[in-house]
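First the structure, then my questions, so here it is.
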Amino acid sequence: MASMATCAAPTFLRLNLEAPHKIHARMIVSGVDFCVFLLGQLLEFYCKVGCLDNAKLLFDKMPERNVFSWTAIIGLYCRLSYYEETIRLFYLMVDDGVRPDHFVFPKVFKACSELKDYRVGKDVYDYMLSIGFEGNPFVKRSLLDMFIKCGKMDFARRLFKDIELKDVVMWNIMVSGYATKGDFRQALKCIKDMEIEGVKPNQVTWNSIIAAYSQNGLFEEASDWFFKLQSSDNFTPNVVSWTALISGNVQNGCSSRALQIFKQMVIEGVEPNSITIASVVSACTNLSLSQHGKEIHAYCIKTEGLDLDVLVSNSLVDFYAKCRDLEVARKNFNRIEQKDLVSWNAMLAGYALKGCREEAIELIKEMESQGIEPDIVTWNGLITGYTQFGDGKTALEFFCKMYATGINPNITTISGALAACAQVKDLRLGKEIHSFVIRNQFEMSTGVGSALISMYSGCQHLELACSVFNELTTRDVVIWNAIITACSQSGQGISSLNMLRDMQLHNVEPNMVTMVSALPACARLAALQQGKEIHQFIIRHELDVCSFIWNSLIDMYGRCGSIKAARRVFDMMPQRDLVSWNVMIAGYGMHGFGMDAVNLFRHLRATGLKPNHYTFTNLLSACSHSGLIDEGWGYFEMMKSEYSLEPAVGQYACMVDLLARAGQFVETMAFIKEMPLEPNSAVWGSLLGACRIHLNPELAEYAAGYLLELEPQNSGNYILLANIYSAAGRWGDATRIRCLMKERGVTKPPGCSWIAVKHRVHNFIVGDTSHPLMDAIAAKMESLYAEIKEIGYVPDTKFVLQNVEEDEKEYSLCGHSEKLAIAFGLISTPPGNPLRIIKNLRVCGDCHSATKFISKVTGREIIMRDCYRFHHFINGVCTCGDYW
DNA sequence: CTAGGGTTAG
């Protein structure tokens with residue numbers, strides 16, 4: 001009868017969709033009496049081929065269930081990693097009065113070990129003893145393993161001691177147990193002991209040692225053993241040994257090295273298997289190597305059986321989901337015959353990542369209809385996925401849904417929910433979760449602490465974030481990362497980099513996450529030195545560089561004024577995505593290198609990558625900064641005709657900027673009139689800015705009419721308009737605008753410039769005399785003024801707002817923050833060094849003129865970034881061509 | 001049915 005299932009398999013497969021009771025009915029009609037036995041066989045078949053829904057339907061309808069049917073269905077749940085269900089069914093079986101056998105116990109222990117629930121395991125063990133089972137070697141092995149995986153080494157040791165016939169498998173379980181938790185001394189002693197007792201270590205023993213070193217991040221030790229053991233007669237590197245090295249690297253965030261080892265393995269002629277491939281695909285996912293991942297997928301399709309493997313398929317579903325290619329992800333998901341929890345979770349997380357609400361809900365329904373309960377990983381995947389997509393609201397809905405189903409949130413859930421709170425700025429719920437954490441005595445662990453810090457900073461309460469940070473007694477790299485990110489994202493770049501320094505002073509080693517938040521902080525502050533050091537740190541420590549980091553490096557160098565270094569990074573990175581091109585084009589634009597931006601765009605087109613709206617915004621803005629009017633028009637048309645991208649208001653604003661900067665006001669006004677979208681503040685702002693360059697107070701007035709309506713609280717617009725009036729000598733109008741500003745309670749942020757000297761950022765606010773070196777700075781300013789006046793500098797007092805005496809105006813100009821920063825830079829850095837100055841507002845016209853002269857008399861290159869672009873002052877000339 | 005390498009949430 002055993003052969004019946006195999007022989008009849010094709011027929012049964014065709015019957016899959018038929019309800020089992022029909023089969024049952026047919027059996028009765030055909031007069032077969034052994035229906036219980038046949039149903040049992042049918043069930044075993046379904047379990048064997050992994051047809052969970054059919055197996056479950058049949059099992060539920062069976063009139064009588066014996067130990068074989070119970071064992072089959074329990075085994076299937078266990079094999080598909082539905083561990084809670086495995087245990088639940090075991091207890092149901094006992095309640096049903098069925099006496100378990102030696103085959104079912106290992107499955108229950110396996111489920112306990114996966115769930116890390118030794119209490120249930122111990123309970124089942126006690127029950128086993130109570131019904132007179134001593135346990136055969138198989139049961140004892142799974143018991144040992146269960147206690148060890150649950151961290152109950154003492155239970156395992158006691159059990160092990162009492163086993164009379166210790167076989168090599170049992171010894172290996174102990175060796176691996178010690179080694180995995182990092183106790184290599186005990187593990188090696190265990191190997192000695194087994195040799196003393198006459199049991200010879202085998203390949204598995206040594207693979208466990210290598211794997212444990214690798215999993216613990218001790219890669220040197222792992223490869224030392226790997227090579228040293230090759231001379232011993234019971235070890236040859238095989239696919240398991242190689243895979244152990246690879247997966248250890250992936251799990252410890254060293255995916256690039258994992259891929260190198262994989263390459264070596266292939267060169268050595270060792271055939272990878274499904275586990276190797278799953279790890280390698282995951283490495284590609286981590287490094288966002290979309291091309292490489294697809295190549296490996298192609299290899300799987302070519303290699304018999306690999307692409308049908310659930311493990312490989314799961315990793316591919318995850319890979320494509322993270323690539324945001326849900327169609328291919330779903331195709332891979334659909335092809336999995338025996339979907340396990342990981343499959344569902346990966347696919348659902350993919351839907352969440354792209355905000356596909358309906359699809360996610362539909363899939364959850366499908367999952368539940370197959371008798372699979374979303375367990376906690378599913379919920380967490382949904383919560384974190386939606387948050388990453390930017391839909392914190394839906395994430396919190398799922399959080400509440402999960403809470404309603406009675407599942408206890410774990411640390412990941414809490415972190416995810418807090419991140420969602422930060423996103424939707426729900427301080428109330430955030431605080432509620434905070435008190436929930438305290439009430440439920442969650443250990444104030446790293447995960448919870450960091451999530452609280454980001455929640456408070458996300459809700460714009462950096463001070464509460466800091467107080468959480470201060471209350472923590474132990475601060476590991478994750479906590480430091482959280483506070484660095486919190487400062488950085490709250491606009492406190494200086495504090496953020498100070499925190500980075502403090503962290504290193506506390507001997508906490510930064511990791512990749514640190515870099516993710518520190519690099520943008522460097523970019524904002526133009527802290528080139530720190531940025532470079534971070535780059536060097538990444539190289540020195542061979543940290544994994546994902547595309548996000550590569551792109552951040554390009555952006556950092558660009559915003560720090562080193563456009564050449566930005567281009568070097570761009571050229572050397574292994575794979576460029578669209579963001580890389582966009583960031584690089586933006587960099588050229590900011591620096592006024594319009595033609596370089598245009599050339600890079602040509603290269604981008606040649607790669608076949610499809611530009612998006614950001615690409616065109618950056619490109620058009622680059623054209624505008626360099627006065628490339630014809631090119632700008634061309635790209636504006638190309639966007640529609642070749643890429644069918646409908647220009648958004650952002651691109652229209654770029655065009656207005658382009659035309660108006662060039663002084664083509666008639667064309668500009670016609671363009672604005674004809675645009676199909678409602679002009680927004682960016683459009684009018686561009687026009688107003690151009691009116692300053694070309695001194696056109698009438699049109700300025702017109703643009704400001706809209707602008708002051710659209711952004712009544714934006715001080716920059718009032719200032720710009722008042723400056724234009726002042727420059728045109730219309731003092732009365734200037735004063736009127738300043739009064740209007742006061743009436744509306746709009747305050748102008750003070751002009752502020754900063755310069756980084758030797759790891760410290762020095763901040764200067766207009767008129768501020770508090771810097772400790774103020775006397776020296778003032779003296780330097782005085783001598784500079786004398787020098788530059790001699791070669792033709794005339795103070796341009798029309799930029800001074802106050803209607804005051806001329807000499808007083810000149811004095812007021814001296815206090816401008818960019819001049820203070822330059823003077824300080826000159827006295828605190830060696831001659832010949834370039835100066836990099838950042839200003840929060842638009843650079844003032846007089847400062848621009850003075851800086852040109854200063855670059856000439858001092859022979860220094862002065863690189864100044866204002867809120868719009870870069871100015872490179874070299875030998876009396878600025879790269880912006882006085883056109884900004 | 002058992003030991004080594006394991007994919008999904010952070």
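In what follows, chains are A, B, ... by sequence order, proteins preceding strands, each numbered from 1.
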Return the set of residues passing side chain to side chain contact (heavy atoms under 4.5 Å, CB included) with A:Q489 (not counting sequence neighbours), or none when no residue passes.
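In terms of side chain to side chain contact (heavy atoms under 4.5 Å, CB included), with neighbours along the sequence ignored, A:Q489 is linked to A:T485.
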
Ignoring the backbone of A:A244, work out which of B:dT8, B:dG10, B:dG5 is nearest its side chain.
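Nearest listed nucleotide: B:dG5.
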
Provide, to the nearest angstrom, the distance between the CD1 atom belonging to A:I364 and the P atom belonging to B:dT8.
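For the pair A:I364 CD1 and B:dT8 P, the rounded distance is 20 Å.
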
According to the interplanar angle, ranging from 0 to 90°, do the rings of A:W480 and A:F469 count as parallel (below 30°), tilted (30 to 60°) or perpendicular (above 60°)?
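Perpendicular, since the angle between the ring planes exceeds 60°.
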
Does any donor atom in the side chain of A:S313 or A:N332 lie under 3.5 Å from an acceptor atom in the other side chain?
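No pair is found: no donor N or O on one side chain lies under 3.5 Å from an acceptor on the other.
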
Compare the minimum distances between each of B:dG6, B:dG4, B:dA3 and the side chain of A:V168, then state the nucleotide with the smallest one.
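Of the candidates, B:dA3 comes closest.
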
Between B:dG5, B:dA9, B:dT7, spot the one nearest the side chain of A:D340, thanks.
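Selected nucleotide: B:dT7.
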
Between A:F333 (CZ) and B:dT7 (C1'), how many Å, whole number?
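After rounding, the gap between these two atoms is 14 Å.
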
Would one find a side-chain N or O of A:T384 under 4.0 angstrom from OP1 or OP2 of B:dG10?
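Answer is yes, contact under 4.0 Å.
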
For A:V139, answer base if it contacts any base atom (sugar-phosphate contacts may also be present), sugar-phosphate if it contacts only those atoms, and nothing otherwise; contact means non-hydrogen atoms under 4.0 Å.
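No contact.
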
Which part of the nucleic acid does A:S142 contact within heavy-atom distance under 4.0 Å: base, sugar-phosphate only, or nothing?
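Result for A:S142 = nothing.
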
Looking at A:S415, does any N or O in its side chain come under 4.0 Å of the phosphate oxygens OP1/OP2 on B:dG10?
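Indeed not, no polar side-chain atom of A:S415 lies that close.
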
Of the nucleotides B:dG4, B:dA9, B:dG5, which has the atom closest to the A:N410 side chain?
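Selected nucleotide: B:dA9.
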
Between the base of B:dG5 and the side chain of A:T243, is there any donor-acceptor pair under 3.5 Å?
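Answer no: no donor N or O sits under 3.5 Å from an acceptor.
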
Once you measure the plane-to-plane angle for A:F184 and A:Y213, does it fall in the parallel (<30°), tilted (30-60°) or perpendicular (>60°) bin?
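Because their plane-to-plane angle is under 30°, the rings of A:F184 and A:Y213 count as parallel.
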
Consider side chain to side chain donor-acceptor pair (under 3.5 Å). Of A:N249, A:N286, A:T285, which one does A:S255 pass it with?
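In the set A:N249, A:N286, A:T285, the residue that makes a side chain to side chain donor-acceptor pair (under 3.5 Å) with A:S255 is A:N286.
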
Under 4.0 Å from OP1 or OP2 of B:dG10: is there any side-chain N or O of A:Q388 that close?
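So the side chain of A:Q388 is within the cut-off, an N or O lying under 4.0 Å from OP1 or OP2 of B:dG10.
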
Return the value, rounded to whole Å, for the distance between atom CZ of A:F109 and atom C1' of B:dA3.
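In whole Å, B:dA3 C1' lies 17 Å from A:F109 CZ.
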
Atom-pair distance (CG on A:N172; P on B:dG5), nearest Å:
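The distance from CG of A:N172 to P of B:dG5 comes to 11 Å, rounded to the nearest Å.
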
Charged tip of A:K107 within 45° of A:F90 ring normal and under 6.0 Å:
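Ring-cation test returns no.
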
For the pair made of CE in A:M146 and P in B:dA3, what is the distance, rounded to whole Å?
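Distance check: A:M146 CE to B:dA3 P gives 13 Å.
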
Checking contacts here: which listed nucleotide (B:dG4, B:dG6, B:dC1) is nearest the side-chain heavy atoms of A:V204?
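The answer is B:dG4.
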
Give the nucleotide from the list B:dG5, B:dG4, B:dA3 with an atom nearest to the side chain of A:V169.
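Out of B:dG5, B:dG4, B:dA3, the nucleotide with an atom closest to A:V169's side chain is B:dA3.
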
Using whole Å, what does the distance between atom C1' of nucleotide B:dG5 and atom CZ of A:F226 come to?
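Interatomic distance, CZ of A:F226 to C1' of B:dG5: 12 Å.
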
For A:D145, answer base if it contacts any base atom (sugar-phosphate contacts may also be present), sugar-phosphate if it contacts only those atoms, and nothing otherwise; contact means non-hydrogen atoms under 4.0 Å.
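Sugar-phosphate: the residue A:D145, judged by heavy atoms under 4.0 Å, touches backbone atoms but no base.
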
If you count the non-hydrogen atoms of other residues, nucleotides and ligands that lie under 6.0 Å from CD in A:E268, is the total more than 12?
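Correct, the count exceeds 12.
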
Indicate whether OP1 or OP2 belonging to B:dA9 is found under 4.0 Å from a side-chain N or O atom of A:K322.
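For B:dA9, OP1/OP2 do have a side-chain N/O of A:K322 under 4.0 Å.
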
With a 4.0 Å cutoff (strictly under), does any side-chain N or O of A:Q215 reach OP1 or OP2 of B:dG6?
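For B:dG6, OP1 or OP2 has a side-chain N or O of A:Q215 closer than 4.0 Å.
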
Side chain of A:A211 only, heavy atoms from C-beta on: which candidate in B:dG6, B:dG4, B:dA9 is closest?
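Selected nucleotide: B:dG4.
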
Between A:Q251 and B:dG5, is there a contact of a side-chain N or O with OP1 or OP2 at under 4.0 Å?
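So the side-chain polar atoms of A:Q251 never come under 4.0 Å of the phosphate oxygens OP1 or OP2 of B:dG5.
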
Please work out if A:I173 contacts a base, only the sugar-phosphate, or nothing of the nucleic acid, heavy-atom cut-off 4.0 Å.
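Sugar-phosphate contact only - A:I173 comes under 4.0 Å of backbone atoms but never of a base.
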
A:S279 has a side chain; which of B:dA3, B:dG6, B:dT8 sits nearest to it?
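For A:S279, the side-chain atoms sit closest to B:dG6.
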
When you measure from the side chain of A:N314, which nucleotide among B:dT7, B:dG6, B:dT8 comes out closest?
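Nearest to the side-chain atoms of A:N314, counting from C-beta on, is B:dT7.
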
Report the distance from atom CZ of A:R335 to atom P of B:dT7, rounded to the nearest whole Å.
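These atoms are roughly 21 Å apart.
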
Just the rounded figure in Å: distance from C1' of B:dA9 to CD1 of A:I407.
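Atom-to-atom, A:I407 to B:dA9, this comes out as 13 Å.
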
